[in-house]
Amino acid sequence: MGWTWRVLYASLLWPAWSYNESSLASEETREVLTSSLAIPTYTAILSVLVLFIHGIRRFWTGFGQDRSNRSSHSQTEVIHAFRTLRLLACLSLLGMEIWGLVYYKDVATWSEKTLESGLCAVWTYTSFLALLSVTTSPNHVRVPVRHLCCILFVSWLVFAYRDLYPLVTYDLEPLDGEDGAVLWVYIGIQTVAAVFVPLFVPRTDSLIYKANRVEHLSLEQLPAVPDYDEARYMVTRGLTLLQPYISNKRHLAFGFMVIFRYEYIGTIFTILLLVSTTFITPVGVNMLLRYLETGGENAPIRPWFWILAIFIGSSAASVIRQTHMFLMNMITVRSGAIINQLIFDHALRIRLKVEKGNEVMSQSPTATPTPVATSALQPPEASEEVREEDSSATGEVQQPQTGAVESAFEADSKIARENKAPQSNLLGRMNNLITSDAANIASGADIFLLFLFVPAQLSLCVVFLYSILGWSSFVGIGVTAILFPVPLYFSKLMAAAQKAKMQKTDARVQTVTETLNTIRMIKLFGWEPKMLQRIATAREKELVYIKWEKWLQIFIGQSIFAIPFITMISTYATFTLIMKKELSASVIFSSLVVFDMSRGQMWVMSQRLPLMLRAKVSLDRINTFLRDTELLDEFVSGPDNSYEVNTVSSDIVGFKNASFTWDTSSDGSVTSASNCRIFKLQIDDEVVFQRGCINLIVGPTGSGKTSILMALLGEMHFVPKGPDSYYNLPRGGGIAYASQESWVQNKTIRDNILFESEYDSVRYDKVIEQCGLSRDIELFEAGDLTEVGEKGLTLSGGQKARITLARAVYSNAEILLLDDVLAALDVHTSKWIVDECFKGDLIRGRTVILVTHNITLTSPIADFIVSMGRDGRIASQGSLSAVLAKDPKLYTELQTGFSEAEGRTDEKNPVVETKRTEDGKLMVAEEIAVGRVGWREAKLFLSALGGKRWPLWWAVFIYNAVGTPVVETLNVWFLGYWAHQYEERPASDVSAPYYLMVFTAIVVASVTTKMSSYLYYFVGAVRASRTIHEKLVSSVLASTMRWLDITPTSRVISRCTRDMATVDDVLSVLVSQSTEIITFMIARFCSVILVAPATLLPGLMVAITGGWLGRIFVKAQLSVKREMSNAQSPIFSHFSAAMAGLVSIRAYGAQATIKQEFFVRIDNYTRTTRSFNDINRWMSVRIETIGAAFAAGIATYLVYGRTQVSASTTGFALNMAVGFCDLIRHCIYTVNTLEVQANSLERIQQYLEIEHEPKPTPDGVPPAYWPSSGKLSVEQLSAKYSEDGPKVLHDLSFTVNSGERVGIVGRTGSGKSSLTLALLRCIPTEGKVYLDGLSIDSINLSALRSSITIIPQVPELLSGTLRQNLDPFDEYDDAVLNDSLRAAGLFSLQHSEDDARLTLDSAISSGGGNLSVGQRQILALARVMVRRSKVLILDEATSAIDNETDNVIQASLRNELGKDVTVLIVAHRLQTIMDADKIMVLDAGRIVEFGEPKELLKNDAGLFRVLVDSSSDKDILYTMVID
């Protein structure tokens, strides 16, 4: 040692000594510095320096000062007791050292005193740290306690080496033995402080025991998330480090390595330790067998040490392994949160446009697909006119389907071709990114386990094998190297298959998501079978690759399983046949342990490699999503974005000489081959909206009114036409936006209006009053604290529109962008909004840009008007008089007094009548099962495995399950039998070729049996995946309207994604592994019993103890797993809701608020995930320790408890015992994990037992001619929305003759929409309804809903072509479809030369997102024309359509429909129903008036007369009745 160490050391020693510099350089000094007793002092000095640097760093950087420092595990009394015990142990050691210094001061040498003084300093330092751990919060001493444990353990190792190790030898003595009994007390106290306390201090025990004392462990009872794992901290830090990689388009994998660099360094350290400790057991077995072979002759070590090594090796490896898992859990939990937030952040910046399908690739091998723009999301609230891209008929990825059997080369080529296809289904893809892909990355994050642990352990295996087998081990290595490319080739195929499978999964999830989003429309049209078939088709395409992936996984696993056996055969053949050596028991069984270890590592490779490949594929998918999705202009840098805006005054709102498109690749042209419809907003001059005034944007349907608002908000791509081009929207004073398709969150009415703004009761009450919400809120028991439900299910369209308007008005924004907020309101409410809100004090002085069709009501308050033409250009602009002078059609419309939003009755959706509680809650809490997983859930999967021929399937499966372990056990026994021959006969009499041939035959039989059993099993696993998915989707599609209303879509989608992924990828593997492990465990236990019958009782005790631990483990694990499953749905729900309201969120600048809410949901999921992982580690350590004790006990019995036991028999028993103990751990862990993962089956089973509509029966099939007419007779009809809810219709009786047109009017809540739902049997009813003479309750629902067609208030479309939306069953030719489009008024909106015209081949995005609301209503009407039903119900079906188009539609309804078609019209304009044959007036669910309009107008006190007299065009309405 140098002088520096001497100075540092001397500074800590007892100050009484005063030796000069020459004495420090003496021989005694060198003896002190090199003594093993100085190691604890060096460790303490290093600890002091590290803690000092750590403290300086924290003080200098302020690190952690603003953090809450919450601990995930509170300091319980038990933990405090353990820490107090450690403090007492440290004080005792200090006291013993001081006593020794005083007692031996006269006889001790200087070096002894110096070393003793150093130990006194060490125990003083440890006592101080231990005192801190007792008196200070654990969060503040986390690092010092780690130093304390390290110092104590190092000191214990020193004394173990000096005084314990000599005891295991025959010729050494303890170095400090002269101290006598004091020494053993001293070491015992150290053992308590350094080993006992760290190992046995409770960590997760309190959580385990708590879970077993309650029926279910709720989220609030789980340990809180530590501050360093809170999303707000780790996501912010992680995204900051990832941003350079995203900006420079580098792969995210490198970014994650930087983020988790310290954690990965820790895993490298634990892996190296684990590699070292795993060889303790095989060394112990080898040395123990050598001792038995030689009878202990010349043995330097006592046998009990090797027995102890077997126990310590397994136990230490378990602790180190779980430490490694702790570090990996930190990485996976944090990476999952970062990935979710990364996808969410990026999604908040993407451009809204239609998803598009893949282009059909040319069959020519040299053809290349035409480049297309990246796809992006189109949510429901998006623009009125959006570019429509080429898409597939079903919105799926168009890829050729692989056959059931194909060669590896063909599959590889095919998968490669498919992976080159462009991707679509962005919504489904994003759902997969935050669920399946995030999970894949987490499961494949342990890269060093594969790339460091496996090579390192295999290298040590080679070294160990060389020490006992000589150079023959290199022959085995060479064989392994030659054969290893085989699994690598299969791995390459699997990576491609995994990528293709994920694309198919995206398509399936997109189809399921779209179906669930439009499920009400699907049920109203009776399209459930068609959609079920569509989903099944997508599922079959996915299952092709699931099957191919599983087969490849089997090929990888079996090739890796066979390689070690081939290595063994080649090695033993070389050792016996060429080297002419004897295969003694010590050679065979010690090498067999190592070969088992190498096979285990190959198995780890076979398991980890697919996970790693999946993680890579998922990282690539995320990388592609971040790189290729198109962002808004403000987030993109480049020449297309570099326009000059500084020349424009900052307060100007408007454009000049610019065009706007929905993606950067649009050039305004359309090719006949692409079927693309491209909309372009053209600003040829300058448009400047007036500040502090109300500005109107008017024009026909599809002309680009909404696009002006989108362009101002920056949602469209800006294309300057010249150097003077600009667009500007000042955001300094705030922007408020109300979309045409109102966006509300699944919160209370008040929360939706406030939108995270500060609550001002005076302003809030004024907003409620001016927006006409007072009466609506009074109708709810909970008032404005009523939850609106998912997508505002509890509200009518008018109520949602007014809440959206109220949100904008309540905000302090200077500029309000309102997109046709009057379209969903009745005439009275519209007038109220105009008079009280737009003319009120809350709007005065603010800049309002209002898109509207209702020119009559709004023109008096308008200061500036922009009139749009049909080609996306400005037709005219200026004051009202200037615009009217240039636009004759607008002038005519204004003169006729046509009120665009007139007469809407603002009827509620069905859910509004559901039974409420006073707290306003609507959505039921997600179901959480309690107790163990039941037989129903197990039967769901097990019965699906066998299919129709389940007895045969299960018989073959059991045969394979039993045969495999028997054959493999026979392998080990035969090796022991071979070794035993050398004990009984001379080596020359042992025929090595014979035994080698028999062993090879057994190996071949083992590999063949295992291969066939896996292939046979996974055929059933794919069948189970298909069956369970079909049952789940069928059950949801057959559910009732009420169940759909109270169940968030995100919960259903979660079961169709995460839970089905568990069934596809996890459950099938766990069932196979559990069966295999149980049979292997039974075979090995029986083998041990045959050799050592006395071990039966200990073995049973181990099994019972393991079973007890497994029971309490699974009780806690199931609770946490259920909470973890439920904690994920809110993440998905929030993500979907944010995507639906993306424009509104960006307009309000509320991204930060939305992110904070996302953080809360991520923290809840992190809270459950951490506990889930902690419980796993708790279980593993205990089970592995018990197994190690059992193996050591058997070894003790065989060595000391029995006589005349051969080495080969002992080796066979030890091999079986070690394997049995390892299998106990695997068995309990795998079986319990299977039960935990079966939570997905529970969740699926819950949705198989929901409320269902009546199933079709043969008796419910109506006659072929039915219905021949549209006559409708209703007798005493009552209805309610649930069996225990109040009635919403009361004893309605009326008759509508065939061919009559009946208008239905009434105030909000009068029951108009409830009547339409009752006629379709969507809600429980009483009474009778006859259609064409048949009672509708005796007819199958599919037949009934195919005969009655309804157009709901909000039209919904499916992704695909326009033709497929009109005729999803391919029943009509194009002539009929075009006639329906003409009759619905589509052709009046467009001309043949229009580039953006709609044709039958035009692509429709999911939900019709690339069309305006008016265009969607027209297509919904056209779909009705095609169906030609005898009864037609229009529920406010033309609210968003302009005057000219509405006139065409009304004329078509009067003239195009058959004379026997009965039309029920829920009035949205009084003009629409004034020429009806009859008018029905509803109030509070009762008919108050029913008759001809002329007769009803004669009743001065009638409600209908009041509605007409209050209309602004009363004279026209009276004229229509008279005419």
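In what follows, residues are counted from 1 in the order of the sequence shown. These numbers come from the heavy atoms of this one structure, side chains and all, not from hydrogens, waters or symmetry mates.
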Subject >> Test: K499 and D620 ion pair at under 4.0 Å >> reply: no
**OP:** Return yes if some donor-acceptor pair links the side-chain N/O of N623 with the main-chain N/O of L252 below 3.5 Å, else return no.
**Re:** yes
Original post:
Does R1243 offer a backbone N or O that forms a donor-acceptor pair with the side chain of R1055 under 3.5 Å?
Top reply: yes
Subject >> Pairing of D1064 and K501 as salt bridge, 4.0 angstrom limit >> reply: no
Original post:
Any sub-3.5 Å donor-acceptor pair from N1173's side-chain atoms to T1169's backbone N or O?
Top reply: yes
Original post:
For L626 and L342, what are the C-alpha separation, side-chain angles and deciding distance, and is it a side-chain contact (heavy atoms from CB on, under 4.5 Å)?
Top reply: CA-CA 9 Å; L626 297 175; L342 179 64; 3.7 Å; yes
Original post:
With distance as the sole test, does R1161 use its side chain to make a donor-acceptor pair with the main-chain N or O of F1135 at under 3.5 Å?
Top reply: no
**OP:** Fit a plane to each ring of F256 and F260, take the angle between them on a 0 to 90° scale, and name the class: parallel (under 30°), tilted (30 to 60°) or perpendicular (over 60°).
**Re:** parallel
Original post:
Is it true that a side-chain atom of R1167 and a backbone atom of E220 form a donor plus acceptor pair closer than 3.5 Å?
Top reply: yes
Original post:
Counting distance only, does the side-chain N/O of S1072 pair as donor-acceptor with the main-chain N or O of S1068 below 3.5 Å?
Top reply: no
**OP:** Please tell me if the side chains of D506 and Q510 come closer than 4.5 Å, counting only heavy atoms from C-beta onward.
**Re:** no
**OP:** Give a yes or no on whether the backbone of V1071 and the side-chain of S1074 come within a donor-acceptor separation of less than 3.5 Å.
**Re:** no
Original post:
side-chain contact (heavy atoms from CB on, under 4.5 Å) between R334 and I259: does it pass, once the steps are laid out?
Top reply: CA-CA 10 Å; R334 295 172 182 177; I259 293 174; over 6 Å; no
Original post:
How many angstroms lie between atom CD of Q745 and atom CD1 of I1145, to the nearest 0.5 angstrom?
Top reply: 7.0 Å
Subject >> Sidechain-backbone polar pair: S318 side chain, S314 backbone, donor-acceptor under 3.5 Å >> reply: no
Subject >> Matching residue for L327 among D446, I268, T270 - test: side chain to side chain contact (heavy atoms under 4.5 Å, CB included) >> reply: T270
Original post:
So do the side chains of E756 and D751 get within less than 4.5 Å of each other, counting heavy atoms only?
Top reply: no
Subject >> side-chain contact (heavy atoms from CB on, under 4.5 Å) evaluation trace for Y545 with T505 >> reply: CA-CA 10 Å; Y545 288 96; T505 302; over 6 Å; no
Original post:
Would I447 and M257 count as a side-chain contact (heavy atoms from CB on, under 4.5 Å) if you check the C-alpha gap in whole Å, the side-chain angles of each, and the deciding distance to 0.1 Å?
Top reply: CA-CA 10 Å; I447 56 176; M257 292 296 295; 3.6 Å; yes
Original post:
Would you say T1168's side chain and Y1165's backbone share a donor-acceptor pair under 3.5 angstrom?
Top reply: yes
**OP:** Starting at CG of N329, measure out to CG of D1174 and round the result to the nearest 0.5 Å.
**Re:** 7.5 Å
Original post:
Does any non-hydrogen side-chain atom of I1028 lie less than 4.5 Å from one of L1241?
Top reply: yes
Original post:
Does S335 use its side chain to pair, donor to acceptor, with the backbone of T332 at less than 3.5 Å?
Top reply: yes
